[in-house]
Amino acid sequence: MQQLTVFMDIESSRTYIDELYSSDPDKVMEALVTLKNSVIGSNRQKSSVIQQGIVPRLLQLMTDDCLDPTIRLEATITIGSLAKGTAENVASLVEHGTTIILVELLKVVPTGLRLTEACLCALRSIFQHPPAPISALPADMRFLTRLTQIAREGSSTSRACVVRILSIWCGGPIEQEALCVAGACEAIAALLAMRGFTSPPLARALPALDLLAAMCFENANVSQAVINTRHGEKTIPELLTALVSRDKPLSVARGAARCLTFIHRAGALASDDNRVVFGALPCLARLCTKEMPEDIRATAAETLAYLAEVDTALQRLAAISNHLMSSLTEIVVCPSPAAKQGAFKCFASLGANDEDIRKRIIETHGVMVHVVNGMNNPEPAVRLAAVRCLHSLSRSVQQLRTTFQDHAVWRPLMQLLNDSPGTELLTVGSSTLCNLLLEFSPAKEPMLDQGAVEMLCNLTKRPEAALRLNGIWALMNMAFQAEQKVKQRILCTLGTEQMFRLLGDGDTRVIMKTLGLLRNLLSTRNHIDAIMAEYSSQVMQAVIVVLEGSYPAEVKEQALCILGNIGDGEKAKDLIMANEDVLRKLVDYLAHPESKLQEAALFVAGNLVWRGEAGSAARQARLADLGVLRALKLLRARHDAHHLHDKVKTALAQFSDFT
């Protein structure tokens, strides 16, 4: 039945459609008006018109400057109406080159004409359908300056259209800088300015706030230019501060607080600036309360999370602002995924650094149940936010031992990480695993049973440095004071070839954690001997590679500490004594200008010469012949090594027969 109706509409419109192609301007005009009226408010009619192939004719009428201006205007208005249809309608318009034609028209049509406004309206409608055809609008300074001029001086509709288009177009540093140079800051200031005691109208303020936020996001240069831009006597931050007050529309207050947040995070406003402390933060906390609409609460929570993400003082202030904790607990049970996501992100930010805040979040507000539910949510964004929250809370040693075990949070986390998640979730989730695998965490054993070792070893093979780091870091934590069977499992699963690859990693942090893993594996005397009995050549080769390579001092320090641990083994120390190259390096490092390397070498020497252990006299004689005793005496005499004096004295005391 529906197909029959569409067919009848097409047939009945055949006459006026034919007249669109007439050489008689009056007939063309009449046909355009009929067509325009037929598509207004009807997506079905819009689709029908597009399917008939009329768009190219409309674009031709728009661009023919020999035609009556009214014909061009009506054709443009009709295109604008079609652009308000379905996503498929807009995609079809873009395929016909509509966006490019509108941009080219805007470059040449005088700004005061109604045709300009119609072009802007059509372009805005197209841009508001994702994905917006960003590439059709070039970063051309002359054109951008023309647009910002319209934003300052055009009609109310034109101004709103320009800032909405530019807010969508502004997607990175190139666009941000170009808009700043083109005068967008001044245009925004004019749009946000109050007239007497009257706030700017919503249609003007909201797109201006969106554009300002897009320009300032993570851009220090633009944000600095923004805080220095004035309209009359007021700077943009002062205009924004006026807009976050309680008497302003909620969407305006939210947008203004968001802009202040982005300006602060870009480094242009300090965290103790009144416009942040008494403007953005309390406004966002107020917008999180249960009296507010759910969409406002959701975005306010997410913005507040970003505001306080890296600043401990703002986290502490937010945690006591307007019963925020209770508000977030209420938001997290809202039905919308956006609300849950915003609440989890905000909890994560608040608990990032302060143990007391983490304790309040977990104990007072019982958020762990919601976190576990969030990790099982069907929405990927909610799952990611829940894991971020868990990661933040997992920094609490006390909670790892109690609440985390009570709720078995490792179970849904392991499930998520084993379900082939995206890179971002895998990165945050594996960071959380690093904390859950600390030796005092009761979750360690059950996670081993769930295949944690295998999963983490696979992470070390990923191309992303952050994942390799998290994988090896978690293995290092797992190996700390672990049973010998766990250590053997790690070594067997990771494999020595992969360990050597990690020691050659381009990220120094990965190398450090790999050496940290080796150091933890080679602890406890019987473990050291057992592991070295099986992997001695590989371990010694790994240490030599680092000591001989061009690694930073902190990396070489870790390698020396591994040697020191090996030197604590009952039988393993013989492997060091049998390697003259390593022993000569030990002498060199005792005389190294880096204090930390001297101390690490001293640790090795002390373990090798310790009296009372089998073969100590022979080791002392051998080391004395190679110059270790002399190096220790020289170290004792150095004025810049006084902090090592007691350790040097202890080591020398072992050589009593040689002094």
Side-chain angles (χ1 to χ4, degrees), residues 36 39-41 43 46 50 55 58-59 62-63 72-140 143-171 175 178-179 182-184 187-188 190-192 200-215 251-252 255:
K36 179 184 72 175
V39 299
I40 290 174
N43 282 349
K46 289 178 173 65
I50 291 171
V55 171
L58 292 174
L59 296 176
M62 279 170 51
T63 53
R72 299 180 69 190
L73 176 62
E74 289 296 326
T76 307
I77 292 172
T78 306
I79 285 288
S81 181
L82 295 176
K84 290 179 175 155
T86 65
E88 290 76 17
N89 295 157
V90 175
S92 181
L93 290 175
V94 172
E95 286 173 13
H96 281 96
T98 305
T99 318
I100 295 170
I101 289 171
L102 287 169
V103 167
E104 292 304 314
L105 266 177
L106 285 167
K107 288 180 179 179
V108 296
V109 175
T111 56
L113 296 183
R114 287 187 61 199
L115 181 57
T116 301
E117 185 175 298
C119 286
L120 288 168
C121 287
L123 194 60
R124 175 179 62 178
S125 295
I126 291 173
F127 264 68
Q128 286 177 321
H129 275 275
I134 303 297
S135 60
L137 205 163
D140 176 74
F143 181 52
L144 291 178
T145 303
R146 182 181 177 87
L147 289 179
T148 57
Q149 181 186 357
I150 294 171
R152 286 195 306 272
E153 303 168 3
S155 67
S156 179
T157 300
S158 293
R159 297 171 83 183
C161 286
V162 165
V163 290
R164 174 57 68 213
I165 292 163
L166 293 178
S167 70
I168 298 167
W169 177 76
C170 184
E175 294 86 0
L179 285 171
I188 290 168
L191 288 164
L192 296 180
L202 282 177
R204 197 175 83 197
L206 290 178
L209 291 168
D210 285 345
L211 175 56
L212 181 59
M215 287 178 62
S251 54
V252 170

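Side-chain atoms are counted along with the backbone in the values below, which use heavy atoms only and exclude waters and symmetry mates.
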- Message: Just verifying a value: how many Å separate Thr148 OG1 and Leu166 CG, rounded to the nearest 0.5 Å?
- Response: 8.0 Å
- Atom CG of Leu106 and atom OG1 of Thr111: how far apart are they, to the nearest 0.5 Å? 10.5 Å
- Task: For the pair Ser167 (side chain) and Arg164 (backbone), establish whether a donor and an acceptor sit closer than 3.5 Å, ignoring hydrogens and angles.
- Result: yes
- Message: For Glu74 versus Lys36, what's the shortest heavy-atom pair and its separation?
- Response: OE1-NZ, 2.9 Å
Enumerate donor-acceptor pairs with a distance under 3.5 Å from any side-chain N or O in residues 88-98 to protein atoms, sequence neighbours excluded.
residue : atom : partner : partner atom : Å
Glu88   : OE1  : Thr86   : OG1          : 3.4
Asn89   : OD1  : Thr86   : N            : 2.9
Asn89   : OD1  : Thr86   : OG1          : 3.2
Asn89   : ND2  : Ser47   : OG           : 3.1
Asn89   : ND2  : Thr86   : OG1          : 3.4
His96   : ND1  : Ser92   : O            : 2.8
Thr98   : OG1  : Leu93   : O            : 2.6

- Side chains of Ile79 and Ile101: closer than 4.5 Å at any heavy-atom pair? no
- Message: Is there a side-chain contact (heavy atoms from CB on, under 4.5 Å) between Leu123 and Cys161? Walk through the geometry before answering.
- Response: CA-CA 8 Å; Leu123 194 60; Cys161 286; over 6 Å; no
- Query: In Å and rounded to the nearest 0.5 Å, what is the CZ to CG distance from Arg152 to Leu191?
  - Reply: 10.0 Å
- Side chain to side chain, Leu59 and Thr63, heavy atoms closer than 4.5 Å: no
- Message: For Cys119 versus Thr76, what's the shortest heavy-atom pair and its separation?
- Response: N-CG2, 3.6 Å
- Arg114: salt bridge (Lys or Arg N to Asp or Glu O under 4.0 Å) partners, not counting sequence neighbours: none
- Task: Would you confirm whether Trp169, through its side chain, and Glu175, through its main-chain N or O, come within 3.5 Å as a donor-acceptor pair?
- Result: no
- Minimal heavy-atom distance between Ala151 and Val163, with the atoms involved, is CB-CG1, 4.2 Å
Contacts table for residues 126-136: side-chain donor-acceptor under 3.5 angstrom, sequence neighbours left out:
residue : atom : partner : partner atom : Å
His129  : NE2  : Gly85   : O            : 3.3

- Donor-acceptor contact present, side-chain Ser155 to main-chain Ser158, <3.5 Å: yes
- Item | Partner residues of Ser156 under the side chain to side chain donor-acceptor pair (under 3.5 Å) criterion, sequence neighbours left out | none
- Message: To the closest 0.5 Å, what do you measure between CG (Leu147) and CG (Leu120)?
- Response: 7.0 Å
- Query: Below 4.5 Å, heavy atoms only, C-beta onward: do Ser251 and Leu202 meet side chain to side chain?
  - Reply: yes
- Task: Return the set of residues passing side chain to side chain donor-acceptor pair (under 3.5 Å) with Arg146 (not counting sequence neighbours), or none when no residue passes.
- Result: none
- Taking the side chain as C-beta and beyond, is there a heavy-atom pair between Ser81 and Lys46 under 4.5 Å? yes
- Query: If every non-hydrogen atom of Ala205 is compared with every non-hydrogen atom of Val252, which pair is closest and at what distance?
  - Reply: CB-CG2, 4.3 Å
- Message: Between Thr157 (side chain only) and Cys121 (backbone N and O only), is there a donor and an acceptor less than 3.5 Å apart?
- Response: no
- Considering all heavy atoms, the nearest Ala122-Gly80 contact: CB-CA, 3.6 Å
- Message: When you measure from the side chain of Arg204 to the backbone of Ala160, do you find a donor-acceptor pair of N or O atoms at a distance under 3.5 Å?
- Response: no
- Nearest-0.5 Å distance that lies between atom CD1 in Ile188 and atom CG in Leu212: 5.0 Å
- Note on the structure: Nearest heavy-atom approach of Ile150 to Arg159 is O-CG, 3.3 Å
- Find the distance between OG1 (Thr116) and CG (Leu73) and round it off to the nearest 0.5 Å. 10.0 Å
- Task: For residues Leu144 and Leu137, determine if any side-chain heavy atom of one lies less than 4.5 Å from a side-chain heavy atom of the other.
- Result: yes
- Message: The criterion is side-chain contact (heavy atoms from CB on, under 4.5 Å); which residues satisfy it with Ser125, sequence neighbours excluded?
- Response: Ala83, Lys84
